[in-house]
Each structure stands twice: as structure tokens, then as C-alpha cells.
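The structure appears below as C-alpha cells.
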Amino acid sequence: MNTKAIYAIGTTLVGCGLNNVFLEYIIKQDPGCGHLITFAQFLFIAIHGFIMTSKFGTVKPKIPFQTYLILVVLFFLTSVINNWAFDFNIPVPLHMIFRSGSLIANMIMGILILKKKYTLEKYISVAMITLGIIICTLMSSGGDKKKCTDCDAPIEQKQADDHFFWWIIGIALLTTALLLSARMGIYQESIYKHHGKHPQEALYYTHLYSIPGFIFYSSSIWEHMQIASASEPYQIPFVDFIIPTLWLWIFLNVTTQYLCISSVYVLTTECTSLTVTLVITLRKFLSLIFSIVYFQNPFTIYHWFGSGLVFFGTLLFAEVFTRMGQSKEVKAVQKSMKKRN
């Protein structure tokens with residue numbers, strides 16, 4: 001493994017992990033700021049791409065604008081819906097676990113659209129992931145509702161019922177985002193087949209062309225910008241500069257988001273798919289553990305069991321164990337051949 005690959009693994013773990021930390025800081029203070037976070041991320045990547053990818057508009061895109069349109073719509077909706085879900089009583093650990101179910105959505109779309117057939121191992125792994133997500137979802141569903149089952153106050157019971165109703169809406173949003181993401185992946189594959197792979201260009205233009213869509217959420221973005229500006233001031237060490245705490249978290253979330261995305265891209269070009277899968281799965285697991293321990297999010301033995309099914313099922317789907325076994329066999333054969341020689 002070369003130095004570039006090792007660096008990419010390190011920055012993926014650090015960048016993506018920190019991104020989740022700053023996201024949780026934001027959600028703890030302002031759960032409804034999903035549209036603001038998404039807009040800030042898109043704007044940062046669009047500005048960066050304008051400078052580094054299009055060289056201030058002097059480099060023409062290799063993929064036509066019309067081809068990007070469907071991809072932009074799918075990408076925009078997926079990103080907005082994923083962050084919007086936080087406004088519907090979805091905790092960050094459940095959000096991370098639920099998004100690990102992308103393999104399920106990919107398989108469903110593959111069967112329905114591409115008429116693909118999968119091996120028994122694939123179906124078993126997806127069944128494990130599905131069961132794990134269902135367990136974690138059910139265990140996260142009734143926290144507040146269970147607290148009020150024996151209470152006599154109608155107002156408290158109504159609040160619990162309202163909480164559960166909006167939680168259901170949040171789960172529906174996450175499910176929709178999963179299916180849209182899977183459909184986007186299939187469409188992206190077809191674009192690459194016709195026009196070649198241009199990931200940095202696609203990253204830039206999908207974010208740039210999506211920005212006008214935030215007009216529909218301008219009132220929400222403006223409202224939460226004011227909330228961020230009114231948050232507790234924070235003085236940056238060694239610099240005589242004061243910034244509202246929420247704006248600091250948003251800035252750090254946006255920059256680490258870009259570090260995360262760019263690191264994964266380098267990872268896919270420098271490492272095998274096995275290594276990429278292992279690194280991304282490890283990153284998700286470490287982020288989940290940190291969220292539970294540091295932010296003291298409620299997590300029962302059932303959550304651990306469900307999470308284990310999700311992560312083990314993901315590794316099984318990616319054929320990590322099979323490839324590791326094959327790698328050991330190859331090394332054993334190579335050793336025996338060296339001894340003979």
C-alpha cells in the first residue's frame with residue numbers, strides 16, 4: 001500500500017468522523033437546521049469546484065448539461081431529505097444506522113430496473129441488514145411514548161403521540177432518501193458508461209446546479225441563519241476573533257464534509273474495493289461508538305445487536321470475508337512456492 005493510500009485512509013477516518021461530530025453538535029443546538037447545513041455544504045463545494053475544477057469557468061464540462069439535470073434533481077432531493085430528517089425526532093445514531101441500509105435500496109433498484117439476479121449470500125446479507133435496521137428503528141421509536149403510557153395527564157400523552165407521529169414521518173423521509181440514492185447510483189453508472197468517469201467534475205456540477213433549488217427553502221435557511229447568529233459567542237484561541245458557536249460548528253462541518261468526500265474519492269482510485277468497504281464500514285462503526293459514548297445517546301443491548309447485524313451484513317454483502325480467505329490462500333501458495341524454489 002503506497003503513501004497516498006495510507007494518507008487517504010487516515011483522512012477518510014478523521015474527516016468523516018469529525019464531520020459526524022460537528023453535525024451532532026449542530027443538531028443538539030438546532031435540530032431544524034438541516035436545510036441550512038445542506039445549503040452551506042453545497043455552496044462550499046460549488047465555490048471550491050469553480051476555482052479548482054472549472055478554473056474560474058475556463059474549463060468546459062465533459063458531460064452535457066442536459067445529462068446532469070436528472071442526476072442533479074436526484075442528488076439534491078437525497079441530500080435535502082437526509083438532513084431534513086433531523087427535524088423529525090431522528091437521533092444521529094439511528095440516522096447513521098439507517099443510512100447503512102443503502103445496500104438494500106441498491107438491491108431493490110437493481111432487481112426492479114436492471115433485472116439483476118443475486119446470489120444466496122447477497123440475499124442473506126441484505127436480510128441481516130434489514131433485520132438490524134428494523135430492530136434499531138423499533139428500539140428508537142418509543143422512548144418518549146413509553147414514558148407516558150402510565151401517565152394520567154392528557155397533555156403529556158398528546159405530546160408523546162405527536163412525537164411518535166413526527167418520528168414516523170422522519171423514518172419515511174430516510175426511506176425515501178435511501179431509494180432515491182440507489183436510483184441516483186444506477187443513473188450515475190449509465191452516465192459514466194456513455195461519457196467516461198469524471199468524478200471531480202460530477203461533484204462540482206451536481207452541487208453547483210443544485211443551488212437554485214434552495215430558493216424553495218429560503219425562509220427556513222434564513223430563519224436558522226438568524227438562530228445560528230444568535231447562538232452563544234465563542235472566542236477562537238490565539239486569535240482575537242469571536243464567532244457564534246453554531247456558525248463555528250457549521251463551518252467545521254462543511255470543511256470536514258469536503259475532506260471526507262475528497263478522501264473517499266482518492267481511496268477509490270488508490271485502493272481495492274475490499275479496502276474501501278472495510279475503511280468506510282470501520283468509519284461508520286467508530287462514528288457510531290463515539291456518538292453513543294461522547295454525546296451519551298441512548299443505546300440498549302438491542303441497539304448493539306441490531307448495529308452488529310447491519311455492519312456484519314454489510315461486510316458479507318461486499319464479500320469481504322470471502323476475499324480475505326482468498327487472499328490468505330494466495331499468500332499460502334506463494335509461500336509454499338518460495339520454499340520449493
Side-chain angles (χ1 to χ4, degrees), residues 16 19-20 23 26-27 30-54 57 61-88 90 95-96 98-99 101-102 105-106 108-109 113 169-192 194-195 197-225 250 253-262 264-265:
C16 299
N19 180 255
N20 278 312
L23 175 63
I26 297 167
I27 298 304
D30 185 12
C33 68
H35 296 320
L36 174 59
I37 297 171
T38 311
F39 175 69
Q41 292 172 347
F42 275 52
L43 185 62
F44 179 86
I45 292 175
I47 294 172
H48 183 277
F50 178 72
I51 298 170
M52 303 302 295
T53 304
S54 74
K62 299 176 178 64
I63 299 174
F65 171 76
Q66 294 83 352
T67 307
Y68 272 125
L69 280 180
I70 297 176
L71 181 63
V72 166
V73 171
L74 291 171
F75 181 68
F76 175 77
L77 290 175
T78 302
S79 302
V80 167
I81 291 172
N82 267 323
N83 281 339
W84 192 19
F86 288 117
D87 201 20
F88 294 89
I90 300 295
H95 194 276
M96 286 190 284
F98 210 94
R99 290 186 68 179
S102 56
N106 289 334
I108 292 172
M109 288 297 175
I113 298 174
I169 299 298
I171 293 298
L173 288 173
L174 287 178
T175 304
T176 303
L178 274 182
L179 295 173
L180 285 172
S181 178
R183 183 64 186 91
M184 180 180 69
I186 292 173
Y187 183 70
Q188 202 164 12
E189 283 183 20
S190 67
I191 291 176
Y192 287 160
H194 287 89
H195 301 279
K197 293 185 177 181
H198 308 285
Q200 288 294 339
E201 178 188 299
L203 179 67
Y204 166 53
Y205 283 106
T206 50
H207 285 78
L208 177 68
Y209 293 153
S210 296
I211 288 178
F214 287 100
I215 294 174
F216 298 105
Y217 306 102
S218 56
S219 59
S220 173
I221 292 171
W222 176 247
E223 176 189 348
H224 291 282
M225 284 177 68
I250 290 171
N253 174 265
V254 167
T255 51
T256 52
Q257 169 76 1
Y258 181 77
L259 177 63
C260 176
I261 292 175
S262 57
V264 171
Y265 163 66

Taking all heavy atoms of [X] and all of [Y], pick out the closest pair and write down the distance.
X: Val72; Y: Thr206; result: CG2-CA, 3.9 Å
X: Leu208; Y: Pro212; result: O-CD, 3.8 Å
X: Ala177; Y: Thr78; result: O-CG2, 3.7 Å
X: His95; Y: Ala85; result: CD2-CB, 4.4 Å

So [Y] and [X], do their side chains get closer than 4.5 Å, heavy atoms only?
X: Met225; Y: Ile221; result: yes
X: Arg183; Y: Ile113; result: yes
X: Ile90; Y: Leu173; result: no

Which distance, rounded to the nearest 0.5 Å, do you find between the [atom1] of [X] and the [atom2] of [Y]?
X: Ile186; Y: Ile191; atom1: CD1; atom2: CD1; result: 12.5 Å
X: Leu174; Y: Ser181; atom1: CG; atom2: OG; result: 12.0 Å
X: Asn20; Y: Gln257; atom1: CG; atom2: CD; result: 9.0 Å
X: Ile26; Y: Ile37; atom1: CD1; atom2: CD1; result: 4.5 Å
X: Ile250; Y: Leu36; atom1: CD1; atom2: CG; result: 4.5 Å
X: Tyr187; Y: Leu74; atom1: OH; atom2: CG; result: 8.5 Å

How far apart are the C-alpha atoms of Phe98 and Thr175, what are their side-chain angles, what is the distance that settles it, and do they pass the side-chain contact (heavy atoms from CB on, under 4.5 Å) test?
-> CA-CA 8 Å; Phe98 210 94; Thr175 304; 3.5 Å; yes
For Phe76, ring pair (Phe, Tyr, Trp, His ring centres under 6.0 Å) partners two or more places apart |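 In terms of ring pair (Phe, Tyr, Trp, His ring centres under 6.0 Å), with neighbours along the sequence ignored, Phe76 is linked to Phe214.
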List the residues meeting side chain to side chain contact (heavy atoms under 4.5 Å, CB included) with [X], not counting sequence neighbours, and say none if there are none.
X: Pro64; answer: Gln66, Thr67, His195
X: Phe50; answer: Ser54, Phe56, Tyr204
X: Glu201; answer: Pro61, Lys62, Ile63, Tyr68, His198, Tyr205

Would you mind listing every side chain to side chain donor-acceptor pair (under 3.5 Å) that reaches into residues 214-224, with sequence neighbours excluded?
->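 As it turns out, the side chain to side chain donor-acceptor pair (under 3.5 Å) pairs with a partner in residues 214-224, which skip direct neighbours, are Asp30-His224.
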Side chain to side chain donor-acceptor pair (under 3.5 Å) partners of residues 38-53, not counting sequence neighbours, each pair once =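 Output for this query lists Thr38-Asn83, Gln41-Asn253, His48-Tyr258.
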Working for side-chain contact (heavy atoms from CB on, under 4.5 Å), residues Phe86 and Leu23 | CA-CA 10 Å; Phe86 288 117; Leu23 175 63; 3.8 Å; yes
Taking the six-membered ring for Trp, are Tyr209 and Phe75 ring centroids under 6.0 Å apart?
->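 Here the rings of Phe75 and Tyr209 have centres that are no less than 6.0 Å from each other.
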Please lay out, stage by stage, how Thr176 and Leu77 fare under the test side-chain contact (heavy atoms from CB on, under 4.5 Å).
-> CA-CA 9 Å; Thr176 303; Leu77 290 175; over 6 Å; no
More than 12 heavy atoms of other groups within 6.0 Å of Phe216 CZ |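 It does not: Phe216 CZ has 12 such atoms or fewer within range.
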